Amino acid sequence: MRMYDITQPIEQYLNVPLECDCGRTHYAPIKAIKIGKGALDALPEYVAKYGYKKPYLLCDPITYKIAGEKCESLLKEKGYNPFVLIIKHLNYNEATLGEIVLNKPDDCDLMIACGTGQITDMLRFSSFKLGLPCFTVATGAPMDGFAASVGIMNVNNLKATMPAHCSEVIIGDTDILKNAPYRMTLAGFGDLIGKLNALNDWHLSAMITGDHYCEKIDRLVSDYVYDVLGKVDRIRNKDPEAIGDILSSLLLTGSSISLYGTSRAVSGAEHHMSHYWEVLGDQRGQQYAMHGEQVAVGTVMALSVAEKLRDRKIDFCEARCKARKFSFTEWENNIQRTYGSAAEAVIELEKKAGKNDVEKRLQHINTIEELWPNIKKLLDGVYPASRLRDLLKSLGCPCDPTDIGITGKILKDTFMVCKETRAIYTLYSLVWDLGLMDEISDEIILKLKEKQYVFDN
Ligand SMILES: [Zn+2]
Ligand SMILES: [Zn+2]
């Protein structure tokens with residue numbers, strides 16, 4: 001089948017290979033997504049439809065009450081005898097995995113989890129390891145990981161992304177989702193609006209580095225994000241349907257990772273800021289905020305950087321001069337200072353990716369100069385940072401660094417080094433290539449300080 005020209009309902013993209021003009025075949029190995037009022041009632045039908053006999057249901061004490069108990073009774077009504085595990089080891093580490101494996105009934109042929117981030121990540125990884133398919137029942141929508149094909153768990157006290165597989169079926173019952181904490185819904189919204197910058201980053205990367213790019217995936221993700229942006233009033237009023245739409249859009253954007261093959265369309269500089277805060281949070285033993293809240297703040301910051309860049313007269317000769325002066329030793333010392341115990345991994349990544357290679361940077365500068373009118377046009381079209389900030393504020397979602405405890409000093413480091421967490425090219429790589437990140441970030445931080453949107457120190 002051909003990839004659609006016009007954005008379709010989410011079901012149209014699942015479990016069907018879509019040949020695209022971009023030269024790739026897009027495929028998301030998810031069989032069904034069911035979102036809506038009473039969607040959970042369909043669970044036994046899906047179990048029957050795909051021929052499973054003995055489900056193994058994973059919950060924690062809270063999600064059991066929210067959805068697990070109902071899953072159990074729905075399955076029993078239809079003659080299934082599910083084995084229910086209410087997980088006791090809630091650190092989602094080796095002990096949790098051990099508990100799941102130890103309790104697995106020999107005859108089970110399907111695993112189902114009720115919950116949000118950690119438990120559904122553990123589900124995709126543990127079922128993959130055990131060679132069993134899995135279904136997800138979402139009890140909230142705080143991020144776009146439900147549709148992922150990887151699973152995150154704690155290994156040796158560090159968060160690790162483990163190879164896993166996609167859930168075959170994902171269910172989001174709006175009767176359940178509407179009762180999820182409002183903060184969780186807003187975090188999901190934050191993760192979703194991050195795509196406003198991620199898509200720009202992808203486009204920039206394609207222009208400057210020749211990175212592969214698919215216009216149809218770009219438009220698909222963008223359409224789903226703008227759809228939710230148009231429902232802000234209903235989200236504020238906790239309208240179950242609008243909350244279901246957030247989940248639906250998060251599932252679509254999450255599925256786009258499978259559709260496209262990488263997270264290019266859904267994660268850029270805004271996520272790199274959040275990743276950097278996560279690294280710092282891990283080192284101080286406490287996270288700053290939820291993933292989606294950090295992404296929301298990161299997005300406002302990234303859009304501000306885009307606006308600063310586009311309003312500038314670029315001195316390309318000076319950019320080349322700065323590029324030639326790059327010192328790896330200085331860079332390394334700065335990474336040691338800013339990343340602490342995570343520095344080694346960042347330095348290793350640089351050795352493989354060569355993001356800061358002088359020759360490569362000079363080539364980028366040539367391309368940027370040549371394509372500057374097109375780049376400027378793209379930057380002219382970015383979603384206005386102040387409009388996004390006001391919109392997030394009106395919902396009660398974190399939007400300023402102060403809202404999540406990020407100080408001016410940390411924010412400065414974030415602007416300067418967050419691009420080092422991943423190998424992909426983003427707006428921040430572009431600004432860094434031009435030697436402007438120091439200046440632009442100072443201007444942004446100064447403005448934030450004037451308005452008291454960032455702590456002084
Ligand atoms: Zn394509
Ligand atoms: Zn995310």
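Values in this document were obtained by computation on a predicted structure and should not be read as measured data. One-based numbering, in listed order, for ligands and for the atoms of each.
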Exercise. Take the angle between the ring planes of H165 and F128 and call it parallel below 30°, perpendicular above 60°, tilted in between.
Key: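 Geometry flag for F128 against H165: perpendicular rings.
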
Self-check item: Option passing ring pair (Phe, Tyr, Trp, His ring centres under 6.0 Å) with Y276 (candidates Y339, Y428, F415)
Solution: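 Exactly one option meets the ring pair (Phe, Tyr, Trp, His ring centres under 6.0 Å) with Y276, and it is Y339.
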
Quiz prompt | Protein N/O/S neighbour count - the Zn ion (ligand 1), strictly under 2.8 Å | solution =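 Atoms of protein N, O or S type lying less than 2.8 Å from the Zn ion (ligand 1) total 4.
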
Quiz item: Considering the options R422, K419, K355, which one meets the salt bridge (Lys or Arg N to Asp or Glu O under 4.0 Å) requirement together with E350?
Solution: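 Among the candidates, only K355 passes.
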
Quiz item: Only one of K449, K412, K447 forms a salt bridge (Lys or Arg N to Asp or Glu O under 4.0 Å) with D442, so which one is it?
Solution: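 Per the salt bridge (Lys or Arg N to Asp or Glu O under 4.0 Å) rule, the option paired with D442 is K412, out of K449, K412, K447.
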
Quiz prompt | Salt-bridge present (R264, D211; N to O < 4.0 Å) | solution =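 The answer is yes: the pair qualifies as a salt bridge.
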
Quiz item: When you measure from the Zn ion (ligand 2) to each N, O or S atom of H271, which atom gives the shortest distance?
Solution: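 Relative to the Zn ion (ligand 2), the closest nitrogen, oxygen or sulfur of H271 carries the name NE2.
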
Quiz prompt | the Zn ion (ligand 2) to nearest N/O/S of D191 below 2.8 Å | solution =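 True for D191.
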
Quiz item: Between H212 and Y260, is the gap from one ring center to the other below 6.0 Å?
Solution: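 Yes, the ring of H212 comes within the 6.0 Å limit of the ring of Y260, centre to centre.
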
Quiz item: How far apart are the closest heavy atoms of D173 and G38, and which atoms are they?
Solution: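 The answer is OD1-N, 3.0 Å.
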
